[in-house]
Amino acid sequence: MSRVAPTLEDVARVAGVSRATVSRVVNGTRNVDPELQETVRNAIEQTGYTPNRVARSLVTRRTGTVALVISGAGGGSDVFTDPFFGRVTAGVVDFLRGHSVHPVLMLADSDHARTEVVEFLRQGSADGALLVSTHPADPLPARLLEAGVPSVLYARPGRPMPIGYVDMDHRAGGRLAADHLVAAGRYNIATISGPMDVLASQDRHAGFRDAMARHGFPYVPTAEGGFTAESGAAAMHRLLTECPDLDAVFAANDLMAQAAVDVLLEHGLRVPEDVAVVGFDDSAPALACRPQLTTIRQPVERMAAQMADLLLAELEKPGQRPRSVIFEPELVVRASA
């Protein structure tokens, strides 16, 4: 004799809550008390209840999935080796798990791939898009907007458009780095910027140069990098050739800062005694570096979770005004500066 499948009523009885509360948790409704969510999930596990996702999607007109789209990163290898993208994914997955929503990772590194993403979403295969776009000229944000796909960006779009996003005050982060190095008594300060066609790189560089000017340094030697270890090492070599007496370097991310430290040590220079180094992001390379990096913290996981929260809010109440949320950077002092 087959066992009767558990129902919402069974879960409600075990959890000691109403059927409506169980339904709200199962459907991923926002603003349910976290302790109540945990109680319901425990009851679901005890009873063995399995939501009928097909029936639920017919009622809610939602799939229970969202697309996490990485656009313009240059391919899968860049995405899976760059700690930034890993942190974004972790923040999104951790947040969505608590709302019974599942992410679908999509890489859009070509025009064809972007077209596939738009069609996938236009056909209703996912409820909306969380878009991490690495270049301001990326056409994908505008295409998603034109297609009527609910979307939220990580970082502001390259041109003004009515779409929600999360970002950080990168200029303030650059200023923090400059203030710290000047306060430490450094006078021959150089910087390794990120790629200057990326808005975050532009802002970090502008904030750093602005603060240096306010401290009386009208010129800061600069070598452009590409947010990779290889580009950071090459930039550090160029700076040592052009400015052999430098005593401090600000690198626009931790990967480049770690590579810069390695190059300095290869040249027999001590960090921080001879050359102080400050990075940006507070990612895994900051702790792996020897000495550990002083850096500017970007709360990537929190920002990614906020991005997902904005999208779920838009899905729950369509037609709302798009929102932006700006996070503040934080100086994290370790051994390198």
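A quick note: this is a predicted structure, and the numbers were derived from the prediction, not measured. Computed over heavy atoms, backbone and side chain alike; hydrogens, waters and symmetry mates excluded.
Residues E330 and I296 are not in side-chain contact: their nearest non-hydrogen atoms beyond the backbone lie 4.5 Å or more apart. Annotation: side chain of V93 is in contact with side chain of P103 (closest heavy-atom distance under 4.5 Å). A 4.5 Å side-chain heavy-atom check between M212 and I189 finds at least one atom pair inside the cut-off. Counting heavy atoms from C-beta outward, L255 and F227 have side chains that stay 4.5 Å or more apart. Here the side chains of H267 and L264 are not in contact, with every heavy-atom distance at 4.5 Å or above. The closest side-chain heavy-atom distance from E301 to D94 is not below 4.5 Å. Taking the side chain as every heavy atom from C-beta outward, M168 and E328 never approach each other to under 4.5 Å. With a 4.5 Å cut-off on side-chain heavy atoms, S324 and V166 do not count as touching.
When all heavy atoms of R171 and A206 are compared, the closest pair comes out as NH1-CB, 3.5 Å. The shortest non-hydrogen separation linking K317 to Q320 is O-CG, 3.1 Å. Looking at every heavy atom in both residues, R159 comes nearest to A142 through NH2-CB, 3.4 Å. Here the closest non-hydrogen pair linking L181 and A276 is CD2-CB, 4.0 Å. Nearest heavy atoms, M256 versus S231: SD-OG, 3.8 Å. Scanning both residues, L239 and A223, for their nearest heavy atoms gives CG-CB, 3.8 Å.
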Could you list the donor-acceptor pairs under 3.5 angstrom formed between side-chain atoms of residues 242-250 and any protein atom two or more places apart in sequence or on another chain?
{"from": "D247", "atom 1": "OD1", "to": "Y187", "atom 2": "N", "distance (Å)": "3.4"}
{"from": "D247", "atom 1": "OD1", "to": "N188", "atom 2": "N", "distance (Å)": "3.0"}
{"from": "D247", "atom 1": "OD2", "to": "Y187", "atom 2": "N", "distance (Å)": "3.1"}

Side chains of residues 279-289: which donor-acceptor partners sit under 3.5 Å, not counting sequence neighbours?
{"from": "D281", "atom 1": "OD1", "to": "Q298", "atom 2": "NE2", "distance (Å)": "2.8"}
{"from": "D282", "atom 1": "OD1", "to": "R334", "atom 2": "NH1", "distance (Å)": "3.0"}
{"from": "D282", "atom 1": "OD1", "to": "R334", "atom 2": "NH2", "distance (Å)": "2.9"}
{"from": "D282", "atom 1": "OD2", "to": "R297", "atom 2": "NE", "distance (Å)": "2.7"}
{"from": "D282", "atom 1": "OD2", "to": "R297", "atom 2": "NH2", "distance (Å)": "2.9"}
{"from": "S283", "atom 1": "OG", "to": "D254", "atom 2": "OD2", "distance (Å)": "3.1"}

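For F84, the ring pair (Phe, Tyr, Trp, His ring centres under 6.0 Å) partners are Y154, not counting sequence neighbours. In this structure, the side-chain contact (heavy atoms from CB on, under 4.5 Å) partners of D10, at least two apart in sequence or on a different chain, are P6, T7, R13. Every side-chain hydrogen bond (donor to acceptor under 3.5 Å, both in side chains) that D179 has, sequence neighbours left out, goes to H215.
Rounding to the nearest 0.5 Å gives a distance of 11.5 Å between CZ of R290 and OG of S336. A distance of 9.5 Å separates CD of E316 from NE2 of H99, quoted to the nearest 0.5 Å. With rounding to the nearest 0.5 angstrom, the OG1 atom of T295 is 10.5 Å from the NE2 atom of H180. In this structure, the separation between CD on Q37 and CD1 on I44 is 10.5 Å, given to the nearest 0.5 Å. Remark: T222 OG1 to I192 CD1 distance equals 10.0 Å, nearest 0.5 Å.
With M307 as reference, V152 is the one residue of V152, V325, D167 to meet the side-chain contact (heavy atoms from CB on, under 4.5 Å) rule.
No single ILVMFWY cluster, assembled from side-chain heavy atoms under 4.5 Å apart, contains both V332 and L293. Cluster membership for V220 and L176, using ILVMFWY side-chain heavy atoms within less than 4.5 angstrom, is shared. Residues L107 and L130 fall within the same hydrophobic cluster, defined by Ile, Leu, Val, Met, Phe, Trp and Tyr side chains chained together at heavy-atom separations under 4.5 Å. Placement of V300 and V278 within a single hydrophobic cluster is found when ILVMFWY residues are connected by side-chain heavy-atom separations under 4.5 Å, directly or transitively. V261 and L240 fall within the same hydrophobic cluster, defined by Ile, Leu, Val, Met, Phe, Trp and Tyr side-chain heavy atoms under 4.5 Å apart, directly or through other members.
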Practice prompt. Determine, stepwise, if the pair R143 / T115 fulfils side chain to side chain donor-acceptor pair (under 3.5 Å).
Written response: CA-CA 9 Å; R143 292 183 63 181; T115 297; 3.2 Å; yes

Discussion item. What verdict does the side chain to side chain contact (heavy atoms under 4.5 Å, CB included) test give for I70 and F85, after you've listed the backbone C-alpha separation in whole Å, the side-chain angles of each residue and the deciding distance to 0.1 Å?
Written reply: CA-CA 8 Å; I70 312 296; F85 294 114; 3.6 Å; yes

Item to complete: Go through L312 and L96 one step at a time and tell me if the side chain to side chain contact (heavy atoms under 4.5 Å, CB included) criterion holds.
Response: CA-CA 9 Å; L312 294 192; L96 292 180; 4.2 Å; yes

Practice prompt. Evaluate the side chain to side chain contact (heavy atoms under 4.5 Å, CB included) criterion for residues V17 and V11: first the C-alpha distance (whole Å), next the side-chain angles of each, then the deciding distance (0.1 Å), finally the verdict.
Written response: CA-CA 9 Å; V17 299; V11 177; over 6 Å; no

Item to complete: Please test F95 against V101 for side chain to side chain contact (heavy atoms under 4.5 Å, CB included), starting from the C-alpha separation and ending with a verdict.
Response: CA-CA 9 Å; F95 180 84; V101 177; over 6 Å; no

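The number of heavy atoms from other shown groups lying within 6.0 Å of CD (E273) is above 12. No more than 12 heavy-atom neighbours from other residues, nucleotides or ligands sit within 6.0 angstrom of CD on E45. The number of heavy-atom neighbours closer than 6.0 Å to CZ of R209, taken from other residues, nucleotides and ligands shown, is 12 or below.
Hydrophobic cluster of L131: the remaining members, joined at side-chain heavy-atom separations below 4.5 Å, are V69, V104, M106, V117, V118, F120, L121, L140, L144, L145, V149, L153, M161, I163, Y165, I326, listed by chain and number.
Judged by distance alone, the side chain of S201 and the main-chain N or O of D197 form no donor-acceptor pair under 3.5 Å. At least one donor-acceptor pair under 3.5 Å links the side chain of R238 to the backbone N or O of E224. In terms of modelled atom types and a separation under 3.5 Å, the side chain of S110 and the main chain of A108 share no donor-acceptor contact. A distance-only check finds no donor-acceptor pair linking the side chain of E314 to the backbone of P322 [under 3.5 Å]. Of the possible polar contacts, one joining the T47 side chain to the A43 backbone as a donor-acceptor pair under 3.5 Å is found. Side chain of T294 to backbone of A337: a donor-acceptor contact under 3.5 angstrom is found. Distance alone, capped at 3.5 Å, places no donor-acceptor pair between the Q46 side chain and the V14 backbone.
For H170 and H205, the ring centers are positioned 6.0 Å apart or more.
A salt bridge does not link D109 to R114: none of the charged side-chain nitrogens sits closer than 4.0 Å to a carboxylate oxygen.
A donor-acceptor contact closer than 3.5 angstrom is absent between the side chains of Q306 and R302.
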